[in-house]
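Only this structure's heavy atoms are used, side chains among them; waters, hydrogens and symmetry mates stay out. FYI, the numbering just counts along the sequence from 1.
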Amino acid sequence: MKKMFLLVALVLMGGSLLANNINDGLTSIQPASTGLQSPTRNPQPSHLEFRYYGFYGVVNFTYMTNLNTTHDLYTDKYTLAGVKAVAGFQWRKESSVGLGVSYLSDPSGSFSQIPVFVELRSYYTRSRLAPYSAIQMGYSIPLGTTNGGVEYTKLNEGGITLGAEVGGRYAFSRHFGINFGVGYQFIMSNSVERGDASGAITRLPEHYHHFSAFVGFCF
């Protein structure tokens with residue numbers, strides 16, 4: 001009788017081990033056959049979170065075109081291209097402040113300038129692709145160059161500049177991503193000198209409105 005009980009116990013134990021081995025084998029085979037992975041065994045991050053606290057930097061390659069081309073008797077059809085850099089501090093995803101400077105070059109040589117500004121920037125998510133908005137306030141310093149033609153234009157004095165932009169940030173890591181967007185830029189020149197071959201010269205304040213598009217990187 002004892003031998004019978006021992007034999008039954010061995011059979012039951014062997015069956016239990018065999019069932020466990022079969023179940024383990026099916027579990028390991030299922031991801032390969034269905035292409036799915038168990039979230040409990042191999043958790044995958046749902047998104048990459050760009051760091052949202054501390055110092056940050058943004059460098060954009062900017063293109064701007066003048067929207068109001070007519071000033072009294074003059075027509076100004078020009079574009080500005082250059083680089084804008086901002087360094088600042090972010091204390092949460094919605095709030096950051098920075099100092100920025102741009103170098104904007106005009107192919108004709110009349111409207112090249114260097115805007116210096118303060119920027120307030122807000123991001124709206126912490127995901128890999130994060131929309132944002134920003135506003136800038138500052139002063140634009142003209143380079144004082146002219147186009148060298150018979151009728152010339154020269155920015156003698158700078159003025160206030162205001163800007164607003166919307167765009168997105170795509171993060172490749174927690175510390176590096178690309179930046180892209182569009183915006184509006186207002187630039188005031190307190191004294192614009194215009195002259196011609198006859199020697200007639202006018203000096204008047206003028207306002208310029210621009211559409212801007214940019215792409216760059218952030219870190």
Could you check if a side-chain atom of [X] sits within less than 4.5 angstrom of a side-chain atom of [Y], using non-hydrogen atoms only?
X	Y	result
D106	L80	yes
F176	F217	yes
N179	Y170	no
L143	I114	yes

Within the side chain of [X], is there an N or O that forms a donor-acceptor pair under 3.5 Å with the backbone of [Y]?
X	Y	value
T79	M64	no
S189	S191	no
S173	H175	yes
N68	H209	yes
N60	T62	no
S96	R121	yes

Are H210 and Y78 close enough that a side-chain donor and a side-chain acceptor fall under 3.5 Å?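 Present: a donor and an acceptor within the cut-off.
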From the options E151, E206, R203, K154, select the one residue that forms a side-chain contact (heavy atoms from CB on, under 4.5 Å) with R194.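 Of E151, E206, R203, K154, side-chain contact (heavy atoms from CB on, under 4.5 Å) with R194 is met by E206 alone.
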Taking every non-hydrogen atom, the tightest pair across [X] and [Y]:
X	Y	value
F117	P115	CD2-O, 4.0 Å
Y124	S133	OH-OG, 2.6 Å
T125	P131	OG1-CD, 3.7 Å

For a quick test of your reading: what N or O donor-acceptor pairs under 3.5 Å do the side chains of residues 157-167 make, sequence neighbours left out?
from: T161; atom 1: OG1; to: Q185; atom 2: NE2; distance (Å): 2.6
from: T161; atom 1: OG1; to: F186; atom 2: O; distance (Å): 2.9
from: E165; atom 1: OE1; to: K84; atom 2: NZ; distance (Å): 2.8
from: E165; atom 1: OE1; to: Q136; atom 2: NE2; distance (Å): 3.3
from: E165; atom 1: OE2; to: Y132; atom 2: OH; distance (Å): 3.0

How about F55: does its CZ atom have over 12 heavy atoms from other parts shown lying under 6.0 Å from it?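 Atom CZ in F55 is not crowded, with 12 or fewer foreign heavy atoms closer than 6.0 Å.
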Geometric cation-pi criterion, R174 with F50: 6.0 Å, 45°: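 Negative - R174 is either too far from the ring of F50 or too far off its axis.
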Begin with the C-alpha distance, continue with both residues' side-chain angles, and end with the deciding distance and a verdict on side-chain contact (heavy atoms from CB on, under 4.5 Å) for Y103 and Q113. CA-CA 6 Å; Y103 173 77; Q113 50 200 294; over 6 Å; no
Mutual orientation of the aromatic rings belonging to W91 and F89 [parallel < 30°, tilted 30-60°, perpendicular > 60°]: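 Because their plane-to-plane angle is under 30°, the rings of W91 and F89 count as parallel.
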Should the pair F111 and Y208 be assigned to parallel (<30°), tilted (30 to 60°) or perpendicular (>60°) ring geometry?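 F111 vs Y208 ring planes: perpendicular.
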